[in-house]
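Note on naming: letters A, B, ... go to the chains in the order of the sequence lines (proteins, then strands), and numbering restarts at 1 for each one.
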Protein chains: 4
Amino acid sequence: MRKKEHSHEQGGRPRSELSTVAILKATIELLEENGYSALSIEAIAARAGVGKTTIYRWWSNKEYLLLDVFLRVTQSEVQFKEHASIQQNFSQLLISLTNVLSSTVGRTMLSIVAQSGPDSEIANKFYSSYLQPRRHGGKKILESAITKGEIRNNVILDLVLDMLFGPIYFRILVYKDNPSVEYIESLVDQVLEGITT
Amino acid sequence: MRKKEHSHEQGGRPRSELSTVAILKATIELLEENGYSALSIEAIAARAGVGKTTIYRWWSNKEYLLLDVFLRVTQSEVQFKEHASIQQNFSQLLISLTNVLSSTVGRTMLSIVAQSGPDSEIANKFYSSYLQPRRHGGKKILESAITKGEIRNNVILDLVLDMLFGPIYFRILVYKDNPSVEYIESLVDQVLEGITT
Amino acid sequence: MRKKEHSHEQGGRPRSELSTVAILKATIELLEENGYSALSIEAIAARAGVGKTTIYRWWSNKEYLLLDVFLRVTQSEVQFKEHASIQQNFSQLLISLTNVLSSTVGRTMLSIVAQSGPDSEIANKFYSSYLQPRRHGGKKILESAITKGEIRNNVILDLVLDMLFGPIYFRILVYKDNPSVEYIESLVDQVLEGITT
Amino acid sequence: MRKKEHSHEQGGRPRSELSTVAILKATIELLEENGYSALSIEAIAARAGVGKTTIYRWWSNKEYLLLDVFLRVTQSEVQFKEHASIQQNFSQLLISLTNVLSSTVGRTMLSIVAQSGPDSEIANKFYSSYLQPRRHGGKKILESAITKGEIRNNVILDLVLDMLFGPIYFRILVYKDNPSVEYIESLVDQVLEGITT
DNA sequence: AAATAAACGAGACGGTACGTCGAGTCTTGGG
DNA sequence: CCCAAGACTCGACGTACCGTCTCGTTTATTT
């Protein structure tokens with residue numbers, strides 16, 4: 001489970017922002033250098049010049065630490081442009097997703113989720129904080145297009161979204177072949193082919 | 001790397017089939033009971049009534065052991081029926097794939113692949129022994145349909161295959177929601193929608 | 001080589017005296033019960049209720065541990081009584097030596113030294129911490145007797161000391177027949193026979 | 001315990017002298033190269049080009065193998081010259097003893113004996129095959145001298161022998177300082193000093 | 001200013017599992 | 001029946017990290 005929120009209402013030394021940043025920085029560095037399997041809390045603490053206790057005080061374990069790193073690194077907005085075409089909107093969404101997930105931190109985060117069990121809190125945090133917003137953005141694009149009559153109104157939205165997102169995850173996670181912009185555009189075109197009016 | 005092939009041409013006690021089977025059996029049992037993260041070579045050896053050395057003699061590490069377990073469990077044929085419809089052929093292919101990959105061993109194997117680096121030998125073995133054959137089966141179905149004129153001849157085969165396989169992997173690996181038969185049939189229908197003549 | 005001295009000047013949890021004592025106690029117990037050859041660090045750790053790491057943190061290996069046990073057990077003074085006779089002084093020295101070396105810990109320590117190479121650090125520690133002081137005590141007795149004119153002044157001191165100590169070690173180490181008080185007194189008498197004026 | 005005698009009366013392949021010699025040779029070589037603690041049956045078998053089984057068929061363990069090596073290497077006679085002086089007889093006896101025991105094999109054998117328990121079969125074999133004969137030789141020298149009236153007839157023979165042998169073992173085993181010829185001659189002189197008429 | 005209180009670095013602690021080594025045994029085929 | 005080869009079970013090795021636990025110290029807020 002995740003660490004209890006520490007409030008700081010009645011006295012005591014406040015949490016050190018310096019340490020926090022050093023820890024996150026060390027985590028990313030060591031991850032890039034040696035990969036997730038070789039990543040140890042002890043090494044992070046040493047590199048960050050921090051006691052192990054400080055890490056455990058704020059994060060329950062490596063996975064929560066990685067989740068935090070991931071979320072801090074990828075705090076970009078999900079924007080949806082009303083005036084752009086469906087293709088453009090989807091391409092932009094998927095390209096930004098690909099950029100994030102094909103980074104070292106992104107791939108690591110994905111593989112943690114893949115590793116985790118069905119009701120894992122970490123996976124749920126990842127869904128609600130990262131995945132759902134992007135998926136919701138995709139849904140908005142589709143609904144807007146249906147309203148405009150550009151897309152058939154009898155399509156199963158979740159299925160269509162899976163056809164758009166699924167191949168991206170698949171190529172990154174399983175095939176280790178990060179999708180190019182051309183790939184993404186072809187994918188969007190091909191999916192739209194089957195659902196346009 | 002993988003263990004060197006041990007030949008048994010001149011002399012020496014032959015490899016014990018009994019031990020081999022006991023190891024594989026113990027691995028599956030412990031995996032089902034406690035999950036991959038709690039799976040240790042020591043526990044496998046103890047459960048199998050086998051020395052640790054015997055495990056390390058034949059498998060470099062847990063991952064190769066799991067790969068071996070996976071491949072022995074899933075040695076089914078990829079059949080392709082000429083007379084069945086494209087829908088039927090694809091549905092059958094994806095249903096069988098889903099059954100395998102959503103099992104405990106299957107999901108574990110997938111997450112090992114997800115965890116592994118880009119040029120991992122383990123991932124390559126998994127591709128060539130399991131993934132490629134299924135994908136090749138899918139390609140054959142498509143090509144046959146193109147020859148029959150049922151599918152447009154300007155579609156990008158690999159992309160279409162990604163649209164079929166991708167969502168399956170995605171739901172199993174990331175969403176932990178194993179695809180139902182209905183889901184798979186809808187998926188096949190929706191993909192075909194965009195590529196039929 | 002021996003473990004580096006750990007100081008505890010700035011920070012860190014201090015070394016646990018409880019664990020240290022438990023380890024030394026367990027070592028002695030297991031040694032008495034099963035002998036040195038059956039003595040394992042794992043068993044000591046288990047018996048002492050201590051992690052193996054804690055043992056390895058403070059002692060490089062079984063031999064240093066045994067040396068430490070030996071020295072803590074045998075921290076007796078080497079006293080030399082001016083008013084007693086040479087015979088009495090030597091008998092007392094050799095009896096106390098025999099008592100120590102014919103104990104389980106003592107014999108074990110001796111056999112470790114016997115086993116060790118010519119420039120072994122462990123043997124040197126044993127010499128300087130235990131052997132040399134007793135030998136020095138013997139030398140003092142001889143020199144005092146020479147001054148008093150009771151012993152010829154042309155004897156080779158080291159040789160005489162070897163004639164006193166050698167038989168003791170020999171009987172304990174090789175013949176496994178611990179010298180009795182009578183044996184020691186006869187030995188002292190016989191040696192003195194050849195060197196008195 | 002020691003290996004049962006293998007008779008070779010009713011057929012079967014006879015014991016290979018070649019293998020036996022190769023094993024003994026390999027044992028000595030590896031002992032000289034790396035010391036006793038690093039000496040393993042596996043290494044001996046490999047160096048000798050011999051199966052481990054062959055070693056275990058004829059020797060119960062490393063210690064018996066070493067004993068065998070020792071006895072084969074030191075199969076010299078204990079001669080006693082009637083016409084030589086007591087000094088000369090003892091010096092010769094102790095010098096030859098020193099030469100044997102200060103060799104690598106000799107020191108190893110001694111330390112095995114030192115290590116062993118009080119009723120160890122290996123130690124007993126060593127006594128009866130090697131030590132007792134030399135000691136008996138020493139006793140004969142003393143008795144002959146008493147008969148001749150050169151030595152007092154009230155000395156305790158075993159004690160005198162201990163005073164001669166003890167220092168030698170002591171210096172080799174504990175002090176790792178092999179006695180020189182001069183040392184031995186001084187020792188013999190000093191001991192005789194106390195027992196001559 | 002003093003007292004309180006929490007966070008900090010350091011690092012020792014009990015554990016678990018690792019991957020390796022060697023012991024002594026067993027099982028082949030071959031001499 | 002011996003032998004080389006080599007796989008077997010078993011037990012211990014010494015190492016790496018885990019997550020927890022003291023320490024003495026530092027940095028705030030509250031009295």
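In this model, the phosphate group of dC3(F) is approached by a side-chain N or O of Trp58(D) to a distance below 4.0 Å at OP1 or OP2. Phosphate contact (OP1/OP2 of dA10(E), side-chain N/O of Arg13(C), threshold under 4.0 Å): absent. One finds a side-chain N or O of Ser19(A) lying less than 4.0 angstrom from the OP1 or OP2 phosphate oxygen of dG9(E). The phosphate of dC8(E) (OP1 or OP2) has a side-chain N or O of Arg57(A) nearer than 4.0 angstrom.
Judged by distance alone, with hydrogens and angles left aside, the side-chain atoms of Ser111(A) form a donor-acceptor pair with the main-chain N or O of Thr108(A) at under 3.5 Å. Of the possible donor and acceptor atoms, none in the side chain of Lys62(D) sits under 3.5 Å from a partner among the backbone N and O of Tyr36(D).
Rounded to an integer number of Å, the gap from Glu42(D) CD to dT20(E) P is 15 Å. Across the protein-nucleic acid pair, Tyr64(C) atom OH and dC13(F) atom P stand 17 Å apart, rounded to whole Å. Here dA23(E) presents its C1' atom at 14 Å from CG of Leu65(D), a figure rounded to the nearest Å. Atom CD in Glu63(D) sits about 12 Å away from atom P in dA23(E), given to the nearest Å. Note: CD1 (Ile44(D)) to P (dA4(F)) measures 14 Å, nearest angstrom. As rounded to whole Å, 7 Å separates atom P of dC13(E) from atom CZ of Arg15(C). Whole-Å rounding puts the Asn34(B) CG to dT16(E) C1' distance at 14 Å. When rounded to the nearest whole Å, the span between CD1 of Ile23(D) and C1' of dC3(F) equals 10 Å.
Checking dG22(E), dA12(F), dT15(F) against every side-chain atom of Tyr56(C), the shortest atom distance belongs to dT15(F). Checking dG22(E), dC13(F), dT27(E) against every side-chain atom of Pro14(B), the shortest atom distance belongs to dT27(E).
Where Ser16(A) and Ser16(C) meet DNA chain E, the nucleotide closest to each residue was compared, and Ser16(A) sits on the side nearer the 5' end. Each of Glu17(A) and Thr53(B) was matched to the nucleotide of DNA chain E holding its nearest heavy atom; the match closer to the 5' end belongs to Glu17(A). DNA chain F is contacted by both Ala48(D) and Ile41(A); Ala48(D) maps to the nucleotide lying nearer its 5′ end (nearest heavy atom per residue).
Counting non-hydrogen atoms under 4.0 angstrom, Thr54(B) reaches a base of the nucleic acid. Here Lys52(D) lies in heavy-atom contact (under 4.0 Å) with a base.
Going from atom CG of Asn61(A) over to atom CD1 of Ile55(A) covers 11.5 Å, rounded to the nearest 0.5 Å.
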Check: Would Thr27(B) and Asp68(B) count as a side-chain contact (heavy atoms from CB on, under 4.5 Å) if you check the C-alpha gap in whole Å, the side-chain angles of each, and the deciding distance to 0.1 Å?
Finding: CA-CA 11 Å; Thr27(B) 305; Asp68(B) 215 355; over 6 Å; no
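Residues Thr20(C) and Trp59(C) approach most closely at CG2-CH2, 4.2 Å, considering heavy atoms.
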